[in-house]
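Heads up, the thing below is written out as structure tokens.
Scope of the values below: all heavy atoms of this structure, side chains included, with no hydrogens, waters or symmetry mates.
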Amino acid sequence: MTNRIHQAFQQPGKKLLNVYFTAGYPTLDSTVPVLQALTAAGADLIEIGMPFSDPLADGPVIQQSSTVALQNGMNLRVLFAQLRDIRQSVPKTPILLMGYLNPVMQFGVENFCREAAAVGVDGVILPDLPLDDYVAEYQEIFRRHNLRPVFLITPQTAPERIRRIDELTDSFLYLVSGPGTTGGANTQAAGVQEAYFRRIEAMNLRNPRLIGFGIGDQASFRHACQYAEGAIIGSALIRALDGAADAPAAAAHFVRSVLA
Amino acid sequence: MATLPPSSSAYAPNARGYYGEFGGAFIPEMLYPNVEELRQNYLTILADPDFQREYQLLLRDYVGRPTPLFEARRLSQKYNTRIFLKREDLCHTGAHKVNNTVGQILLAQRLGKTRIIAETGAGQHGVATATVCALMGLECIVYMGSVDMERQRPNVERMRLLGAEVRPATSGSQTLKDATNEAIRDWISNPVDTHYIIGSVVGPHPYPDLVARLQSVISEEMRKQLLEKTGSELPDYVVACVGGGSNAAGAFYHFLDEPAVQLVAVEAAGHGIHSGHSAATSVLGKPGIIHGSRTLLMQDEDGQITEPYSLSAGLDYPGIGPLHAFLGASGRARFISIEDEKALAAVAECSRLEGIIPALETAHALAALSQLGAGPDEVVVINLSGRGDKDLETYLKYADQLRQY
Ligand SMILES: Cc1ncc(COP(=O)(O)O)c(C=O)c1O
């Protein structure tokens with residue numbers, strides 16, 4: 001079965017911009033207007049962050065946006081209600097939900113997948129879901145709802161494990177650019193990151209790759225695009241939304257500044 | 001050998017780190033190589049004679065083991081039963097935490113790590129980590145909630161004196177859970193040269209098992225000492241407080257497969273279990289994931305982790321180790337929760353009856369004595385996990401109240 005993620009990658013030569021923002025940030029009801037503004041401005045894929053109280057893999061910017069979103073009253077029930085008609089205004093752009101396993105577990109994995117599929121979500125990123133547990137308990141449920149999992153790969157991920165992740169994936173691979181949580185600067189010595197990207201490229205994996213973590217502007221986006229089918233921006237967008245009087249306008253402005 | 005488990009134990013984790021339905025390793029890919037490296041090597045290293053020689057020597061000459069098993073006659077008289085105190089408060093640095101850090105620093109060296117990170121609540125684990133880092137000449141960074149830095153100030157100064165850097169965790173409730181988040185984020189950012197010395201039987205597999213094994217020396221010694229003093233290796237009760245559960249795991253370990261021994265885990269009820277200000281995870285928690293482990297967890301209906309409360313900085317963790325979640329679910333251990341006030345009363349009582357000022361965490365275990373129902377011919381061992389010096393500021397604040405008990 002194909003889904004929108006495949007279609008997004010069917011544009012030869014096009015480099016894709018995947019943007020992450022936190023649901024319910026900066027205000028509870030900004031989720032949908034921000035999403036619409038991002039796609040209208042040219043974002044190719046959207047990751048909606050499901051806020052969690054203890055986001056272990058995230059740096060201070062996404063932590064802060066999650067805290068604000070939770071204070072605003074965001075939760076999965078509210079999010080699915082907000083997204084109910086999203087496919088009328090955003091028919092083609094792939095939408096992925098990204099977050100941590102515990103809120104999904106409490107919602108019920110089957111429930112979560114059913115609701116996500118019903119509103120037109122295409123993929124799910126749960127960084128703390130172990131591969132073995134995914135295979136043992138969740139793969140079948142995800143399949144039934146035509147939801148694609150996305151797994152992370154880091155510079156330390158061993159080649160056999162990368163192959164296994166590639167086998168289990170039918171969407172794209174999320175290449176974490178270097179050691180660190182989201183939003184961190186690249187502190188690696190010159191050439192180290194590029195060597196890692198090339199090493200993965202040379203593996204001839206079956207899935208396309210998007211590079212994320214530490215990408216925040218046009219220069220870093222273009223640089224990453226030399227080594228993959230596109231890149232993912234999160235913290236820099238959240239920063240652009242922080243304190244913005246008109247969040248959708250700020251979101252659109254940010255995307256245009258990256259793609260200009 | 002000291003740190004090897006009874007291999008047939010029904011309470012040992014399976015290959016994937018599960019105690020029944022609890023445990024596992026729910027970690028982002030960024031942590032996978034580090035945790036996997038540890039998982040593949042920890043049992044081999046712990047069993048290595050060279051490691052054992054060095055570990056045992058340090059436990060004896062540096063930590064001061066074996067710690068005494070002291071028969072507390074005046075407490076026994078008061079509660080009309082036979083009470084022994086396992087004196088972990090006499091360990092170097094003043095608590096059981098150092099049993100674990102001595103073992104983990106040797107492990108870190110064998111894994112070729114040069115930089116050590118840790119989280120701390122009461123500061124005891126931070127001090128114990130800073131201590132062994134000084135001993136081995138390794139860089140040490142300790143994350144501590146900014147609220148805890150305030151209420152456990154002497155320990156902050158101790159860590160600094162030992163050469164460690166103390167970094168405040170300013171997110172969330174600014175206590176133990178948040179310090180642990182920050183330590184994990186540091187490890188994500190430093191995947192090659194750094195070892196994370198986690199301070200309790202929490203976190204992703206293999207940490208709960210690793211820390212339990214390193215603390216198991218407590219119950220190993222208890223058995224020998226009880227035989228000498230009572231003629232039997234087995235007491236009727238073993239009582240320990242539970243934050244994450246490391247002193248309890250160490251005190252229970254060699255009794256897990258002895259059904260005649262009642263294991264009693266004591267949690268902090270704070271202002272009262274249902275007051276909204278409590279850390280009684282076994283009552284208030286539901287299965288969930290915290291710090292890479294599936295365990296009982298205090299959380300709201302949306303799966304957001306809630307802030308625990310206890311007057312004691314070492315017990316306000318919203319989860320418990322997966323072993324303890326399993327001991328509770330299987331009925332092997334009995335859980336009791338003790339309110340702040342009762343713990344303070346136990347501080348006064350132990351100080352005056354036995355001349356031992358206990359840590360506030362430990363006082364929760366002592367306070368459980370009145371609920372045990374132990375008979376005159378029964379033997380109760382209380383794990384005296386730490387001494388009260390670090391809590392003097394809190395005790396001063398409640399001085400009037402303490403005098404009244
Ligand atoms: C003296 C003492 N006892 C108990 C604890 C609780 O930890 P655990 O449950 O891991 O033994 C602490 C933690 O800081 C402590 O300092």
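Screening A:L152, A:I153, A:T181, A:L56 for a side-chain contact (heavy atoms from CB on, under 4.5 Å) involving B:M30 leaves a single residue, A:L152.
Across all their heavy atoms, A:M105 and B:P287 have their closest contact at CE-O, 4.5 Å.
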*For B:Q299 and A:N102, what are the C-alpha separation, side-chain angles and deciding distance, and is it a side chain to side chain donor-acceptor pair (under 3.5 Å)?*
CA-CA 10 Å; B:Q299 55 187 317; A:N102 197 51; 2.8 Å; yes

*List the steps, then state whether side chain to side chain contact (heavy atoms under 4.5 Å, CB included) holds for B:R16 with A:D133.*
CA-CA 10 Å; B:R16 288 171 58 218; A:D133 290 64; 3.1 Å; yes

*Please report the C-alpha distance between A:Y100 and B:I289 in whole Å, then the side-chain angles of each, then the deciding distance to 0.1 Å, and finally whether the side chain to side chain contact (heavy atoms under 4.5 Å, CB included) criterion is met.*
CA-CA 9 Å; A:Y100 293 81; B:I289 292 165; over 6 Å; no

*asked:* Let's go through A:R161 and B:E29 carefully: what are the C-alpha distance in whole Å and the side-chain angles of both, what is the deciding distance for side chain to side chain contact (heavy atoms under 4.5 Å, CB included) to 0.1 Å, and is it a yes or a no?
replied: CA-CA 10 Å; A:R161 188 167 166 85; B:E29 184 64 27; 2.8 Å; yes

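Contact check for B:R185 versus A:Q63: side-chain heavy atoms found under the 4.5 Å cut-off. With contacts defined as side-chain heavy-atom distances shorter than 4.5 Å, the pair B:F26/A:L101 qualifies.
Proximity to chain A is absent for every atom of B:P204, based on heavy atoms less than 4.5 angstrom apart. Within the 4.5 angstrom heavy-atom criterion, no atom of B:L31 approaches chain A. Interface remark: B:I188 contributes backbone and side-chain atoms alike to the contact with chain A (heavy atom separation under 4.5 Å). With a 4.5 angstrom heavy-atom cutoff, A:L126 does not touch chain B via any of its atoms. Both the backbone and the side chain of B:E301 come within contact range of chain A, judged by heavy atoms closer than 4.5 Å. For chain B, no part of A:F107 is nearby; none of its heavy atoms comes within less than 4.5 Å.
From A:S66, atom OG reaches atom CD of B:Q304 across 9.0 Å, with rounding to the nearest 0.5 Å.
Between chain B and the residues A:G178, A:G180, A:P51, the most heavy-atom pairs under 4.5 angstrom are made by A:G180. When each of B:S189, B:S171, B:A25, B:G288 is checked for heavy-atom pairs under 4.5 Å with chain A, B:S189 comes out on top. In terms of heavy-atom pairs under 4.5 Å with chain B, the best-connected choice from A:T187, A:L131, A:T154 is A:T154.
A salt bridge between B:D302 and A:R77 is present, with a side-chain N of the basic residue lying under 4.0 Å from a carboxylate O of the acidic one.
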